[in-house]
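In what follows, a structure is listed as structure tokens, so that the remarks can point back to it.
Because only heavy atoms are used, hydrogens play no part in the values below, and waters and symmetry mates are left out as well, while side chains stay in. What you see is a predicted model, and the numbers here were worked out from it, not measured in a lab.
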Amino acid sequence: MSKSWKATLKLPKSSFPARPNPKLQKQYLNECTENLYNWQTKHRANEEPFILHDGPPYANGPLHTGHAINKILKDMVLRVQVQNGRRVMYRPGWDCHGLPIEMKALGSAGTKGLGPVEIRKHARRLATKTVADQMKEFRSFAIMSEWGNKWTTMDREFETRQLRVFQKMVRRGLIYRKHKPVYWSPSSRTALAEAELEYRDDHVSTTAYVRFPITSDITGIDGLKSVQGKLYAAIWTTTPWTLPANRAIAVHDDIMYSVLQVDGYNVLVASSRVEELLKYLPSSKVVAENIPGQQLVGLKYQNKLRGQNAPVQEIIHADFVTADSGTGLVHLAPGHGQDDYEVCAKMGIDAFAPITDNGHFTNEALPDDSEKLVNAPSILDGGSQAVLDIVGEDVIGVFKLTHKYPYDWRTKQPVVIRATAQWFADVASIKDDALNSLKAVKFIPESGRVRLESFVKGRSEWCISRQRSWGVPIPVLFDSKGEAIMTDESIDHIISVMQERTSDAWFSDPPNDPAWVAPSLQGEFRRGTDTMDVWFDSGSSWTEIQKPVDVYLEGSDQHRGWFQSSLLSYIAAQRADGKLGGEIFAPFRTLMTHGFTLDTDGKKMSKSLGNTISPQEVIDGKLLPNLKRKGKDTGQPDALGPDALRLWAGSCDATSDILIGSTVLQPIHNGLIRYRTILKMLLGSLHESSRTAPLTNLDQLALVQLSDVMKSVWEAYNNYEFHKGVGHINRWVSTELSAFYLEALKDRLYCGDGGGALEPIMIGMLRMLAPVTPMLVEEAWANRPEWLQKDTGLLSPARHQFDSPLVDPSRLTLDASEIRRDIPVLNAIHTAIKAGLEQAREAKSVGSSLQCSVVIASSDSRILECAKRYIDEMEAMFVVSSVKLNDALPETPDWQYHSELNFGGAVGTVHVLPPTQHKCSRCWRFMAEEEDGLCSRCEDVTSALPAVEACGDKEQ
């Protein structure tokens, strides 16, 4: 009578579910976020905490996958440091001022008739709600932070600190007001800084060649004596709408010029540009050439757009004029161009800009007939053609040009350059200090260094004033003459009043309320209405910590934004405090950037394209096939929770752009399922007896492999290369753990003493996963066996120091370096055995590898020494019924297959043969002495167990 041996097997039993239990997710979320953060605050040393300063997200809408990547990367950095034994500090922050919030709060129609007080009220309400919504979603990503201690740029305390930074810069002379050209956004109706621009390559401009009549007597100029008839200066412009603001024409002293004779008039152009002009003046001919630009300087011309009574204007020299574009003569509108402004300012020529805030012409644009341009389309929507229509016969040629052009990065509309009175921060005087401070900063990737340095080098000043209501007011008073009053004392007084009344009172109090005027000031004063650039807001956030922090981590676009504004304001404040006599510090020690999230085709996420993916869709598994139970579709998404989103973030090389979509997420999903499956098997196979059972050579080999992968993973994590760390984990799980050790261990686990090294392996695996999939780690830990839960001295792996010992060294009998030398030899033997087994399977000689015995034949000392160390365990290692070394082969086996064994020149042969014994009814190894019997190992195990009921073999 056969026996059922199933009841005698130690099959895995675990409460760990195949999928996350929705009812317990909140518990695991709290444990791995708030509880862990509070625990490490209490148990880690207070000295030299690891500080990650939050680049504040903008509080104007729901989160996208870019937000998820950013916050998860930050969280992984912090979790690694907790396992490094550091106390971490991380306060979440939000950027709450600025135009997008202002416009979104009110809607396009809601702005009509509302004053600054109402605008600020609506904007604050929206920002407050958005912060709460975003915080809730961030927390659902399993982000640990001081959520109850957040900061926002609209906090009264934050605004005060920001104004103190501004005051320091005023004290040092780094803030000034000037009427000069700045980037102006007609769509936002405010000035912009360079950091608020984005450039598009597909902008189309109306460009024109235009002539201006020379009014000077040219008979005294050698090169022009022979010219008969009217002479004109020809210019080329991509912005014809600036022609009403023309105040000079520039040539270069060293460029040679020519005169083209056309029907009834002559045109002055650079000699190198004659061929280009002939396209528009085909019947013309050269009548004078080799005229040095120096001879043209001082000639007078007329701009008829300025009116009949307008003074003549002058041709001047400018270094930036070149002979390889346009006409070699440059139209100068100092109110609409920085280079134009610089050269004209030296000549005492004013910066004239006859356009309104929203980009329409003013009466001054065409004094003799102002209605023509005042009623014309805006300068960006037909204004150029309107000007050319008035210029009339003086237009030589018109064409469309597609070129690179700056856009307002908030409204996505073109910007212009417009001279207005604005407040500036002097960057030029602190630029060298800022660049020097970056020498000690670690950049990840290193290419970020060049990018940030280039932005800093390219700036001389920072326009920090904005003509909007929702922001921190610039603390300036204007006297009865319109002169700006800004002193250390006046700012100090304004700050004190603001602390009492809030910044809203700056806009709500009567304009001439004397309470805002410092006692020493005499006369009538009104408060300014400009607010600060929001980059000055967020850039001042270093005041939350007041010292350099360990890490700034944001998207690569922040080189031109928050990284730069933080650096410049921090350096400026140090300069103002007189602290730059010694070493110069940036506000960050490490600066890491990540790329943008794109769809699987590499396209930007866009609602119009319909390719946007929300973080919650990834968490809920909505982008993947539905969950199946017993092969049937349940109709429910296979939701794996925040860890699915986090594993995607941790698996991507975040330093470049990051793809997301169903094809990207499917292998992430599969990997997370694989982790769960392995952990369920480990948890179900843990036996308390394994803590005292001897460690076999195979166990020790597995522990060395574990040690090596943990070292590689932690090195990658500490270098912020999380994708490499996850890659190391995946390779280890697939090859060394699952396909090798667990496969080799199953017989011992189920049929033998239940020993092995599963406890340290499980804990090591959880330590490696803790920064990336913390909820999975907490869930697995909560489902550990009861005997393990009773071990109160054993902390959750997320709270271990990563390098603390996983196993008592006294239990190890082999030298780790020796094992590492053995591993390649064992891999070579394994490869040869698999090759022989494959031959046997193809010939249908065997089905299971247990139906084989193996003989290793070699005379090489390296193979022999290694094989002798592991020979007693090789049948388990390679899942065959027996392995012999240099044993005699049977004379007439039923079948046999051979494969070559080659290891670094060491050779041998592996023979795969039929087993020499019978199949054990319990463990199925062919090691029983008789048919339907048990092997000696199973005999020993079952002899100590109660008898079991008879049953058929199929129940096994």
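- Surrounding NZ of K10 are more than 12 heavy atoms belonging to other residues, nucleotides or ligands, all under 6.0 Å away.
- Listed by first and then second residue, the side chain to side chain donor-acceptor pair (under 3.5 Å) pairs involving residues 786-795 are R691-D791 (not counting sequence neighbours).
- Aromatic ring pairs are classed by plane angle as parallel below 30°, tilted from 30° to 60° and perpendicular above 60°; the pair Y717 and F722 is tilted.
- Note on ring orientation: taking the six-membered ring where Trp is involved, the planes of H43 and W39 are parallel (angle under 30°, cut-offs 30° and 60°).
- Screening R676, K680, R784 for a salt bridge (Lys or Arg N to Asp or Glu O under 4.0 Å) involving E779 leaves a single residue, R676.
- The number of heavy-atom neighbours closer than 6.0 Å to CD of E715, taken from other residues, nucleotides and ligands shown, is 12 or below.
- Take R869 and apply the side-chain hydrogen bond (donor to acceptor under 3.5 Å, both in side chains) test, not counting sequence neighbours, and it matches D822.
- Interatomic distance, OG of S899 versus CD1 of I833, reported as 8.0 Å (0.5 Å rounding).
- Taking CD1 of I829 as the start and OH of Y870 as the end, the distance is 10.5 Å to the nearest 0.5 Å.
- For the residue pair T942/R922, the side-chain donor-acceptor check at 3.5 Å is not satisfied.
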Can E743 and K746 be said to form a salt bridge (Lys or Arg N to Asp or Glu O under 4.0 Å), step by step?
CA-CA 6 Å; E743 191 67 24; K746 280 181 181 177; 3.5 Å; yes
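- In this structure, K919 places its NZ atom where more than 12 heavy-atom neighbours from other residues, nucleotides or ligands lie under 6.0 Å away.
- When only modelled atom types and interatomic distance are considered, Q917 and S881 share no side-chain donor-acceptor pair under 3.5 Å.
- Classification of R811 and D699 as a salt-bridged pair fails, no side-chain N sitting under 4.0 Å from a carboxylate O.
- Checked options N670, T773, N730; the residue passing with Y675 is N730 (criterion: side chain to side chain donor-acceptor pair (under 3.5 Å)).
- Under 3.5 Å, the side chains of D808 and S810 contain a donor-acceptor pair of N or O atoms.
- The aromatic rings of W714 and F802 sit parallel, their planes meeting at an angle under 30°, below the 60° perpendicular limit.
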